[in-house]
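A quick write-up on the structure given underneath.
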Amino acid sequence: MSPPYSMFKESSKKLVGNDAFEGYAIDLIHEIAQILKFNYTFKWVDDGNYGYKNEETGEWNGLMGELLSQPAKADLAIADLTVTTVRNNAIDFTMPFMKLGISILYNAPQKVPPTLFAFLEPFSGSLWLCIGVSYLFVSVTLFTVARFTPMEWTLDDPCDIATNPEEIEQNLYINHSLWWAWAAVMWMGCEVAPKALSTRFLSGMWYLFTLIMVSSYTANLAASLTAENLHTPIKSAEDLVNQNTIKYGCMEGGSTSTFFKDADMGTFQQMWNYMHTHEDVFTKSNNAGIERVKQSNGGYAFLMESSSIEYIMERDCDLAKVGGELDSKSYGIGMKKNAPFKGEINQAILKLQENGKLHMLKNKWWKQKGAKNCKALRNAPKGATALSLANVSGAFLVLILGMALATATAFAEFLWTSRKIFANKNSDKCSHLKNEAISSFGRRGQKYNLNKSTSVLSTSSDMSAVIENSLIQTHGLSVCTPRPRRPTLKKSTNTLNTDGCNTPMETKRVIIMIDGNISSSCSSSDVSLPSREKSSTCEE
């Protein structure tokens, strides 16, 4: 018997004659007989073999032997009999009724348990590295651009210089920039925010980049967690040759063993050398090979015809075909040389092929009778493939362009704020620009005074001296002059406690005209001013 080609019919009654058999080959010869109008009787081959030629005696066994015996025991050999050169020299074959090839039968892929760091699987290692590097580059670029652009150095209240004796710092320091970039990745708020056009442009590109990355990660993570990850140790014949754990073999004396024995290709020759030196890998029949694969628990692979493997896969979900077909062959109906009915049978097979009857017979015996839904299980969604840098390279390009444009915008803002330096013909323009740029990255840089660059009041200390003298002459106020620091956003207080003023005093803002421009300073006094004067001294 060779399911599904020829089998005993299962029945509660005792069946005799042709009614006791069923299968693809049984239905095929029945269709041919109806076309050609002849009768037939089935007979099982005595030794159960297909046909192997003894090199010493030159005799054939199995189906081939019964066709060639004198007198002949059979007129036709209808089974899964492979057409080979040696067999075709001994007998005649009809045109092929089925095409196939040699494949590998092995255990179905096994489920892989999730790892501890399964949440990292949506992205490849190189992509994680690129995201980390981008995060650091964006943070450093934001810090650099914020230091360089004058728009980030803002001062809501000039009195902060007098009321805060500690060193005044800018908002977007490196630690704040790192925290802001991380908050953007996590889609959460942050207490610091860019204010200049250049820094906001950079932040917009980073927001777009994180939106793409987070959305891709979320989608791929959901797919990888809900789908099954399957693993198989071998995927091709080359994998069998390059390993020593899994044994592999085929049926002894069949067309499959003949193929490997006569092969002149490197991989197939190596496979034959292995099987020839390990004779225990051969089996007496295909059914024996199938059972050995099932009982080996992944330690044995069986080489057999792909059509038979497809039939087994539809009925045993624990077995699967590995890789593609190693060769191309076909099945045909065998008969004696120069048989008179060969041409008529060929015409009948061709007719069955044209009207789709052969395809219907294969679906009937492979996918309908006794088949399970194993294909649906094998086609279940598999684990998502990790995204690589090539999948999201466009997002990185947008981010790089955004960083470059933000840097250029910051430089333009710096030059625009410094335009009065260029208007002064007597000043050293390069020196002024250099000093302003250096002060942007210093911890105690000079106060920006670019709009007053033509005046002698180029530093905050000069401005404070003039303001102090003016206050003393005008109102007799005592002024506390703090050491010059870079202005930042700080919450002002009502207590002045700096060098020279150790007691709480009332803080006033005084407006002073210098070279036609308005400047402001903070003063404190023990003298009570008229109410109108009090309300006007802190207005700009």
Side-chain angles (χ1 to χ4, degrees), residues 1-5 47-55 61-62 80-82 84 86 100-113 229-329 372 374 377-378:
M1 292 191 303
S2 179
Y5 301 96
D47 57 8
N49 294 318
Y50 291 95
Y52 178 74
K53 183 178 182 180
N54 191 319
E55 298 295 340
N61 63 358
D80 49 331
L81 184 63
T82 306
T84 64
V86 178
L100 60 143
I102 298 174
S103 294
I104 303 172
L105 179 67
Y106 191 64
N107 292 94
Q110 302 297 318
K111 297 180 182 179
V112 179
N229 292 323
L230 304 178
H231 171 71
T232 180
I234 56 173
K235 296 181 180 180
S236 63
E238 288 74 13
D239 292 342
L240 281 176
V241 174
N242 297 328
Q243 55 82 42
N244 299 319
T245 305
I246 303 173
K247 296 182 178 181
Y248 53 92
C250 61
M251 188 182 75
E252 185 177 12
S255 60
T256 302
S257 64
T258 303
F259 166 77
F260 286 103
K261 182 179 179 181
D262 298 337
D264 54 1
M265 294 180 61
T267 300
F268 299 151
Q269 275 187 338
Q270 293 180 42
M271 295 178 71
W272 172 252
N273 293 335
Y274 170 83
M275 290 186 287
H276 186 65
T277 55
H278 300 77
E279 295 185 356
D280 60 314
V281 299
F282 289 105
T283 61
K284 296 297 183 182
S285 63
N286 285 336
N287 290 335
I290 296 170
E291 290 299 322
R292 184 169 179 177
V293 172
K294 296 168 64 174
Q295 297 175 4
S296 65
N297 194 23
Y300 182 78
F302 189 63
L303 298 160
M304 61 185 301
E305 285 80 3
S306 58
S307 58
S308 299
I309 294 179
E310 292 171 1
Y311 174 80
I312 297 166
M313 289 172 57
E314 293 292 339
R315 286 151 181 80
D316 194 334
C317 299
D318 294 330
L319 300 177
K321 183 175 73 170
V322 176
E325 298 177 358
L326 306 183
D327 69 338
S328 178
K329 58 180 67 177
K372 299 179 181 179
C374 295
L377 297 176
R378 294 189 183 97

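The figures that follow rest on heavy atoms only: side chains count, while hydrogens, waters and symmetry mates do not.
A donor-acceptor pair shorter than 3.5 Å cannot be found between the side chains of Tyr52 and Ser257. Side-chain atoms of Glu305 and Ser255 form a donor-acceptor pair, as typed in the model, at a separation below 3.5 Å.
Scanning both residues, Ile234 and Ile246, for their nearest heavy atoms gives CG2-CD1, 3.8 Å. Heavy-atom minimum distance, Met251 versus Ser285: SD-CA, 3.5 Å. In terms of heavy atoms, Ala263 sits closest to Gln269 at O-CG, 3.2 Å. The two residues Lys321 and Met313 come nearest to each other via the heavy atoms N-SD, 3.3 Å. Closest of all the heavy-atom pairs between Glu325 and Leu100 is OE1-C, 3.9 Å. Closest of all the heavy-atom pairs between Glu279 and His276 is CG-O, 3.6 Å.
Judged by distance alone, the side chain of Asn242 and the main-chain N or O of Glu238 form a donor-acceptor pair under 3.5 Å. The backbone N or O of Gly101 sits less than 3.5 Å from a side-chain atom of Ser306, completing a donor-acceptor pair.
For the atom pair CZ (Phe260) and OG1 (Thr267), the distance works out to 10.0 Å, reported to the nearest 0.5 Å. The distance from the CG atom of Asn61 to the CG atom of Asp47 is 5.0 Å, given to the nearest 0.5 Å. Atom NZ of Lys294 is separated from atom CG of Asn107 by 10.5 Å, given to the nearest 0.5 angstrom. From Met271, atom CE reaches atom SG of Cys250 across 8.5 Å, with rounding to the nearest 0.5 Å. The CG atom of Asp239 lies 8.0 Å from the CD1 atom of Ile104; values are rounded to the nearest 0.5 Å.
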*Would you sort out whether Leu105 and Ile312 count as a side chain to side chain contact (heavy atoms under 4.5 Å, CB included), showing the intermediate values?*
CA-CA 9 Å; Leu105 179 67; Ile312 297 166; 4.3 Å; yes

*asked:* Working note: Ile102 + Lys329, criterion side chain to side chain contact (heavy atoms under 4.5 Å, CB included); need CA distance, chi angles, decisive distance, verdict.
replied: CA-CA 8 Å; Ile102 298 174; Lys329 58 180 67 177; 3.5 Å; yes

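Side chains of Tyr300 and Val281 form a contact here, defined as non-hydrogen atoms less than 4.5 Å apart. Here the side chains of Tyr5 and Ser307 are in contact, with some heavy-atom distance below 4.5 Å. At a threshold of 4.5 Å between non-hydrogen side-chain atoms, the residues Leu319 and Val293 count as touching. With contacts defined as side-chain heavy-atom distances shorter than 4.5 Å, the pair Ser2/Tyr50 qualifies. Contact of the Leu240 side chain with the Tyr274 side chain is not registered, since no non-hydrogen atoms from C-beta on lie closer than 4.5 Å. Between Leu303 and Leu326 there is a side-chain heavy-atom pair separated by less than 4.5 Å. Residues Asp327 and Phe268 fail the side-chain proximity criterion, which asks for heavy atoms closer than 4.5 Å. Put simply, the side chain of Asp262 does not reach to within 4.5 Å of the side chain of Trp272, judged on heavy atoms.
Separation of the Tyr106 and Tyr248 ring centroids does not fall under the 6.0 Å cut-off.
Under a cut-off of 6.0 angstrom, the local environment of CG in Asp280 is crowded, with over 12 non-hydrogen atoms contributed by other residues, nucleotides or ligands.
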